[in-house]
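When reading the values below, keep in mind they use all heavy atoms of this one structure, side chains included, and skip hydrogens, waters and symmetry mates. All values reported here derive from a predicted model rather than from experimental measurement. By convention in this document, chain letters (A, B, ...) are assigned in the order of the sequence lines, proteins followed by strands, and residues within each chain are numbered from 1.
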Protein chains: 4
Amino acid sequence: MTRDNASSGSRRPGRQVIVDAAVRCFYKQGYEGSSVRDIAEDAGVTPAALYHYYASKQDLLMDLITRFMASSIDRTEDALRRAGPDPVARLFGAAQSHVLWNASDVASSFIVNSEIRSLSPANREQHIAQRDRLQRLFDTCVEEGCDKGVFTTPWPHEASRAVVVMCTFVARWYRESGPLSPEEIAWRYGHMALSLVGASRGPQFEPPTYESVNGR
Amino acid sequence: MTRDNASSGSRRPGRQVIVDAAVRCFYKQGYEGSSVRDIAEDAGVTPAALYHYYASKQDLLMDLITRFMASSIDRTEDALRRAGPDPVARLFGAAQSHVLWNASDVASSFIVNSEIRSLSPANREQHIAQRDRLQRLFDTCVEEGCDKGVFTTPWPHEASRAVVVMCTFVARWYRESGPLSPEEIAWRYGHMALSLVGASRGPQFEPPTYESVNGR
Amino acid sequence: MTRDNASSGSRRPGRQVIVDAAVRCFYKQGYEGSSVRDIAEDAGVTPAALYHYYASKQDLLMDLITRFMASSIDRTEDALRRAGPDPVARLFGAAQSHVLWNASDVASSFIVNSEIRSLSPANREQHIAQRDRLQRLFDTCVEEGCDKGVFTTPWPHEASRAVVVMCTFVARWYRESGPLSPEEIAWRYGHMALSLVGASRGPQFEPPTYESVNGR
Amino acid sequence: MTRDNASSGSRRPGRQVIVDAAVRCFYKQGYEGSSVRDIAEDAGVTPAALYHYYASKQDLLMDLITRFMASSIDRTEDALRRAGPDPVARLFGAAQSHVLWNASDVASSFIVNSEIRSLSPANREQHIAQRDRLQRLFDTCVEEGCDKGVFTTPWPHEASRAVVVMCTFVARWYRESGPLSPEEIAWRYGHMALSLVGASRGPQFEPPTYESVNGR
DNA sequence: AATGAATGAGGGTTCATTCAT
DNA sequence: AATGAATGAACCCTCATTCAT
């Protein structure tokens with residue numbers, strides 16, 4: 001599964017070639033460590049061509065981050081919608097979906113979570129707003145579970161944060177070549193999230209098949 | 001609590017001034033984003049002076065990372081030693097100590113966890129070895145709990161990883177000005193770690209006082 | 001009074017739009033400081049469109065300069081013709097006309113007098129020839145006055161040069177919003193020119209009305 | 001006579017080498033037309049070395065302009081002081097000195113009078129203040145002559161402006177290889193200035209010798 | 001121990017211009 | 001007549017580093 005940017009406004013092929021190259025470079029060398037020349041070379045174009053699509057290297061980073069975060073939010077909302085009203089199903093679904101998404105584009109996930117510092121103040125602010133929106137989806141989810149007495153954690157806030165962090169950072173170690181499929185990992189993390197909020201002491205959902213997760 | 005570098009070979013005062021400046025710069029602007037001039041200026045010396053203490057900017061980064069990781073390991077080992085044989089107490093203690101350590105130097109923690117990419121291949125390899133050593137302390141801890149039937153998680157490996165990640169990344173959001181003391185946060189995370197491995201459904205350790213934690 | 005380019009070969013409207021934009025840009029930012037993009041944008045066309053009318057940015061500059069200088073010469077010749085044989089009337093008329101012309105298009109005048117350096121060697125040579133032709137009109141005028149004993153300056157050459165310079169550079173400070181009309185200024189400069197060559201010690205021509213000058 | 005910068009704070013030799021090179025480049029190719037590499041090459045240093053002395057190319061231009069204008073003002077004030085109270089002697093002296101100064105460094109004079117556009121807004125403002133101060137020295141001089149009835153021009157303001165312009169722009173055509181010495185030219189322009197304000201109809205000061213002018 | 005001057009390489013970005021459409 | 005995409009060269013400037021003093 002690769003990043004879908006059907007929802008973004010930039011379908012021009014030249015543009016996508018550049019973003020993909022940027023993701024590879026930023027992932028390997030970081031934003032500051034990647035020169036525009038590096039990116040252009042990786043994309044197979046001249047440095048100047050890059051400036052047809054993006055006003056600056058910073059713009060390129062911001063576009064990449066914004067789109068990844070927008071998808072993170074969209075997917076989490078979808079997962080919550082699909083899960084129905086049960087807090088257990090909701091948290092499980094959200095965590096599972098979040099792991100899947102981050103595992104699906106390890107490079108982008110890594111960039112989004114380590115290059116915040118490289119954003120200009122204005123862009124950073126905008127990004128943090130998106131990050132907060134995502135966190136709040138999980139916060140609400142956990143709070144509801146606590147209110148209904150289904151989750152027993154005394155610290156919904158910390159637990160919610162820990163859930164997002166641990167799911168997000170699956171991208172730090174997940175490799176396609178590893179022993180577990182993304183679906184299996186996501187399923188386990190779904191249950192670990194429930195553990196964390198004091199909702200269950202063991203697996204209660206069906207193990208994943210290739211069709212059952214995230215609508216696929 | 002500030003970084004102790006008693007164990008490092010660099011007790012010369014000039015050296016510490018530079019490391020401190022580097023931490024501030026790398027934290028704010030990242031490694032590639034910080035010029036040697038920036039660091040020197042922050043330290044109140046000339047760029048050339050910096051080369052009396054470090055052979056290169058890369059050396060400075062590596063020194064900083066190595067020492068932070070060495071302390072991470074030392075402290076975790078200390079915590080395990082103090083906890084005695086009980087798996088619950090051991091995991092609680094290790095997690096608690098790890099949170100405290102990362103909250104005690106948010107800037108260094110951040111650098112260590114986001115500038116791995118900026119290390120030269122040789123240095124990176126060395127760093128990953130340290131990171132693995134630390135992870136293994138938690139892995140062993142969780143495995144023992146599972147073996148003894150005290151922890152009920154079916155996925156000790158994933159759980160252990162999640163514990164380290166969630167404790168480490170407390171540095172991402174913790175601010176001294178926040179409502180919770182580091183000790184309170186560490187105490188909660190200790191319990192959340194137990195939750196995650198299926199060891200408890202609520203607080204079972206004494207709440208922290210300012211003297212009870214980490215030997216202080 | 002605006003630049004008439006009836007005499008130039010470029011009557012196509014698209015062309016004039018571009019020249020006008022170029023004048024604005026070169027005036028504000030200089031030739032080297034104005035990018036083809038700047039000019040195109042100011043003209044409301046694409047950079048590529050510009051190349052339908054001009055082979056290069058240099059061509060655009062040269063066209064602009066050449067036409068302005070051609071008009072400078074034409075107008076001076078006209079003024080001399082209208083003035084008749086009297087050296088006093090001739091110098092007065094030429095100076096007056098030259099001031100009027102330069103005040104009528106301050107921007108072009110400025111460009112013509114400060115971007116000579118930006119011309120290619122071949123173009124520069126051609127421009128200097130035009131400039132010399134213009135200067136010679138005044139030189140002849142002053143010499144005749146001296147020969148006839150009407151002008152008393154011992155240095156006709158320097159005086160003639162000074163007259164042209166001082167009239168030309170009215171464009172440096174003249175603004176439409178100023179207290180004096182171009183006609184009033186031109187009238188005064190006509191007299192100052194006479195002063196300079198030692199022909200008079202005060203106003204001797206009729207003050208300007210809006211119809212009396214330059215045939216308008 | 002070359003620019004003396006004894007009065008400036010920059011006596012470091014490296015600095016002067018760079019300024020001299022900049023003057024040559026800006027004179028030949030203009031500010032925008034001269035690359036930092038051009039200047040550095042002309043000075044025999046690396047482009048980077050240039051940034052030890054100047055923060056930017058703009059700074060270099062501004063320094064050059066400011067110092068030239070400061071000298072213009074100083075020298076004019078000196079000339080007025082030396083001339084004593086007689087308006088005729090004062091205007092003659094000021095014009096003569098101004099011609100000499102501009103002829104002494106044709107390149108700098110040219111730059112100062114054609115690169116105002118290339119100054120940043122803040123720098124431009126500062127430069128214009130200097131230019132106004134200089135102009136006011138001549139304005140006052142002419143006004144005094146008119147008040148005392150020694151100068152008969154009805155337009156002191158225009159005349160004063162014309163005097164400065166014609167003296168300044170001697171640098172446009174003066175070449176060391178020409179037939180007239182700077183002193184001879186300055187002497188003639190002194191008289192032409194008097195002509196312009198209606199003070200004399202012919203030479204009244206002693207012709208120049210190599211020791212009599214400007215204190216030399 | 002520390003500096004000021006210097007450097008070669010490379011940074012992000014803009015340039016005038018071309019060309020298929 | 002006009003465009004959008006593309007380019008190679010060059011732009012100003014900053015980089016990490018060196019070295020004589």
Side-chain angles (χ1 to χ4, degrees), chain A residues 12-15 17-18 31-40 43-61, chain B residues 12-15 17-18 31-40 43-61, chain C residues 12-15 17-18 31-40 43-61, chain D residues 12-15 17-18 31-40 43-61:
Chain A
R12 279 183 291 169
R15 202 178 173 98
V17 165
I18 290 166
Y31 174 77
E32 303 278 2
S34 305
S35 77
V36 169
R37 272 171 183 85
D38 290 339
I39 300 168
V45 300
T46 19
L50 197 148
Y51 286 88
H52 264 284
Y53 299 98
Y54 291 97
S56 65
K57 190 183 153 193
Q58 169 77 200
D59 257 34
L60 183 42
L61 173 63
Chain B
R12 282 180 288 171
R15 203 179 174 97
V17 166
I18 290 166
Y31 173 77
E32 303 278 3
S34 304
S35 74
V36 170
R37 249 180 184 74
D38 289 339
I39 300 168
V45 300
T46 38
L50 198 147
Y51 286 86
H52 270 283
Y53 299 100
Y54 290 98
S56 65
K57 191 182 151 192
Q58 170 76 203
D59 260 33
L60 183 43
L61 173 63
Chain C
R12 282 179 290 171
R15 202 178 174 97
V17 166
I18 290 166
Y31 174 76
E32 303 278 3
S34 303
S35 75
V36 170
R37 248 178 186 76
D38 288 339
I39 300 167
V45 301
T46 38
L50 198 146
Y51 286 87
H52 271 282
Y53 299 100
Y54 290 98
S56 65
K57 190 182 150 192
Q58 170 76 204
D59 259 33
L60 183 42
L61 173 64
Chain D
R12 281 183 289 171
R15 205 179 172 98
V17 165
I18 290 166
Y31 174 78
E32 304 277 3
S34 304
S35 76
V36 169
R37 261 174 184 80
D38 290 339
I39 300 168
V45 299
T46 18
L50 198 148
Y51 288 88
H52 264 284
Y53 300 99
Y54 291 97
S56 64
K57 190 183 151 191
Q58 169 76 202
D59 257 34
L60 183 43
L61 173 62

At under 4.0 Å, does any side-chain N or O of [X] touch on OP1 or OP2 of [N]?
X	N	result
Y53(A)	dA6(F)	yes
Y54(D)	dC13(F)	no
T46(D)	dA6(E)	no

| task | For L60(B) and V36(B), run side chain to side chain contact (heavy atoms under 4.5 Å, CB included): C-alpha distance rounded to whole Å, both residues' side-chain angles, the deciding distance at 0.1 Å, then the answer. | result | CA-CA 10 Å; L60(B) 183 43; V36(B) 170; over 6 Å; no
Please give, in whole Å, the distance from [N] [atom2] to [X] [atom1]?
X	N	atom1	atom2	answer
L61(D)	dC12(F)	CG	P	13 Å
Y51(B)	dA20(F)	OH	C1'	18 Å
L50(C)	dC19(E)	CG	P	17 Å
I18(A)	dG12(E)	CD1	P	15 Å
I39(C)	dC15(E)	CD1	P	11 Å
E32(C)	dC12(F)	CD	C1'	15 Å
K57(D)	dC12(F)	NZ	C1'	8 Å
R15(C)	dA2(F)	CZ	P	13 Å

| task | Classify the side chain of R37(A) versus the base of dG10(E) as yes if they form a donor-acceptor pair under 3.5 Å and no if they do not. | result | no
| message | Under a 3.5 Å distance rule, please check whether S35(D) uses its side chain to pair with a backbone N or O of R37(D) as donor and acceptor. | response | yes
| field | First of A49(B) and P47(C) reached from the 5' end of DNA chain E, by closest nucleotide | value | A49(B)
| note | Looking only at heavy atoms, the pair that brings G33(C) and D38(C) closest together is O-OD2, 3.9 Å
| said: Using side chain to side chain contact (heavy atoms under 4.5 Å, CB included), reason through Q58(A) and Y31(A) one step at a time and then give a plain yes or no. | reply: CA-CA 9 Å; Q58(A) 169 77 200; Y31(A) 174 77; 3.4 Å; yes
| Under 4.0 angstrom, heavy atoms only, what part of the nucleic acid is V36(D) near: base, sugar-phosphate, or nothing? | sugar-phosphate
| request: Assign each of S35(D) and Y31(B) to its nearest nucleotide of DNA chain F by heavy atoms, then name whichever residue's nucleotide is nearer the 5' end. | output: S35(D)
| Between A48(A) and S56(B), which has a closest nucleotide on DNA chain F that is more 5'? | A48(A)
| field | Nearest to side-chain heavy atoms of H52(A), which nucleotide of dT17(E), dT7(F), dT3(F) | value | dT7(F)
| query | For the atom pair CD1 (I18(A)) and CD1 (I39(A)), what is the distance rounded to the nearest 0.5 Å? | reply | 9.5 Å
| field | Pairing partner of dA16(E) (Watson-Crick or G-U wobble, both distances under 3.5 Å) | value | dT7(F)
| message | My understanding is that a pair needs two contacts under 3.5 Å, Watson-Crick or G-U wobble. By that rule, which nucleotide pairs with dT21(F)? | response | dA2(E)
